[in-house]
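Sequence lines set the chain letters: A, B, ... in the order given, protein chains first and strands last, and positions in each chain run from 1.
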Amino acid sequence: MTVNYWLFKSEPSVFSIDDLASSPNQTTHWDGVRNYQARNYLRDSIKLNDMVFFYHSNSDPSGIAGIAYVTKIGYPDFTALDVNNHHHDPKSTVDNPIWYMVDVKFKEKFKSIISLQTLKNYPELENMVLLQKGSRLSIQPVAKQEWDFILKIAKKL
DNA sequence: GCCAACGTTGGC
DNA sequence: GCCAACGTTGGC
């Protein structure tokens, strides 16, 4: 049973790693993803106990804020069915929910953000999905060697 | 707030 | 199926 590694983006003004840490049971459902490639990862690829970097986007600085892990695998994103929800999608139905989410639980907050600029400094990370030109996937895979390398950076913070 | 890059929609 | 127009993301 191998563990997979991921990076989830969130705007901290909407939902930050501190919000996750102060959530009931330090757990949240990762709703609102409305991109098909990201949806496919949520629905098909992300497994129980997979590890997740919590990334703060549109922030100062943007970067990796800490770690969470998966406590429930892909299931229909009910916010898509709720007409009053900001993420409502009229194409989504109970029989064909289209959009999926997972649950994640807080594990660790880094002493400080590992900024995007810092990540860009390391040639070891040049193939990270996050660092590819034009990349804006909100759910993306992280290679094990990239994960391990970033953990080493985090330990030196 | 700007804007480049990307994804989606819809007319044809 | 093409592609222009539009909407969104996210760094700066």
Side-chain angles (χ1 to χ4, degrees), chain A residues 4-23 28-46 50-70 74-104 106-143 145-147 149-154 156-157:
Chain A
N4 298 307
Y5 302 94
W6 306 93
L7 181 146
F8 288 11
K9 293 180 186 172
S10 180
E11 296 192 29
S13 61
V14 178
F15 191 84
S16 72
I17 194 161
D18 290 328
D19 293 327
L20 179 61
S22 60
S23 292
T28 194
H29 46 265
W30 202 270
D31 63 15
V33 172
R34 297 292 179 268
N35 168 283
Y36 285 103
Q37 193 175 350
R39 185 282 309 270
N40 291 347
Y41 286 134
L42 289 171
R43 187 189 58 187
D44 306 332
S45 305
I46 296 176
D50 277 2
M51 304 300 292
V52 175
F53 280 140
F54 196 120
Y55 182 88
H56 283 179
S57 62
N58 265 316
S59 188
D60 188 19
S62 291
I64 299 172
I67 299 175
Y69 63 100
V70 176
Y75 62 106
D77 181 343
F78 52 77
T79 67
L81 297 167
D82 178 356
V83 291
N84 294 317
N85 192 284
H86 178 66
H87 296 295
H88 174 244
D89 181 351
K91 295 191 303 301
S92 179
T93 65
V94 173
D95 289 337
N96 182 23
I98 303 181
W99 304 113
Y100 282 74
M101 58 188 178
V102 300
D103 287 357
V104 298
F106 175 83
K107 178 159 192 290
E108 171 185 352
K109 179 185 175 182
F110 294 155
K111 290 195 186 69
S112 60
I113 295 267
I114 303 176
S115 72
L116 181 61
Q117 189 54 55
T118 297
L119 296 170
K120 284 178 176 172
N121 286 338
Y122 295 100
E124 291 89 341
L125 300 177
E126 66 182 4
N127 291 324
M128 269 193 89
V129 175
L130 180 73
L131 303 182
Q132 303 313 301
K133 183 175 168 58
S135 166
R136 52 179 215 188
L137 251 191
S138 62
I139 304 288
Q140 51 179 259
V142 174
Q145 55 268 35
E146 294 162 353
W147 180 276
F149 189 82
I150 291 167
L151 281 195
K152 278 196 272 180
I153 298 172
K156 294 185 208 152
L157 290 173

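Counting heavy atoms from C-beta on, the side chains of A/Glu146 and A/Tyr5 never come closer than 4.5 Å. Using a 4.5 Å heavy-atom threshold, the side chains of A/Ile139 and A/Ile46 count as touching.
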Contact list (N/O, under 3.5 angstrom) for nucleotides 9-11 of chain B vs protein:
unit_1	atom_1	unit_2	atom_2	d
B/dT9	OP1	A/Lys91	NZ	3.4

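For A/Trp99 and A/Tyr36, the ring centers sit closer than 6.0 Å to each other.
Side chains of A/Arg34 and A/Thr79: a donor on one and an acceptor on the other come within 3.5 Å.
Between A/Asn35 and A/Asn58, the residue anchored closer to the 5' end of DNA chain B is A/Asn58, taking for each the nucleotide with the nearest heavy atom.
From A/Glu126, atom CD reaches atom CG of A/Leu131 across 9.5 Å, with rounding to the nearest 0.5 Å.
Side chain A/Arg136 to base C/dT8: a donor-acceptor pair is found below 3.5 Å.
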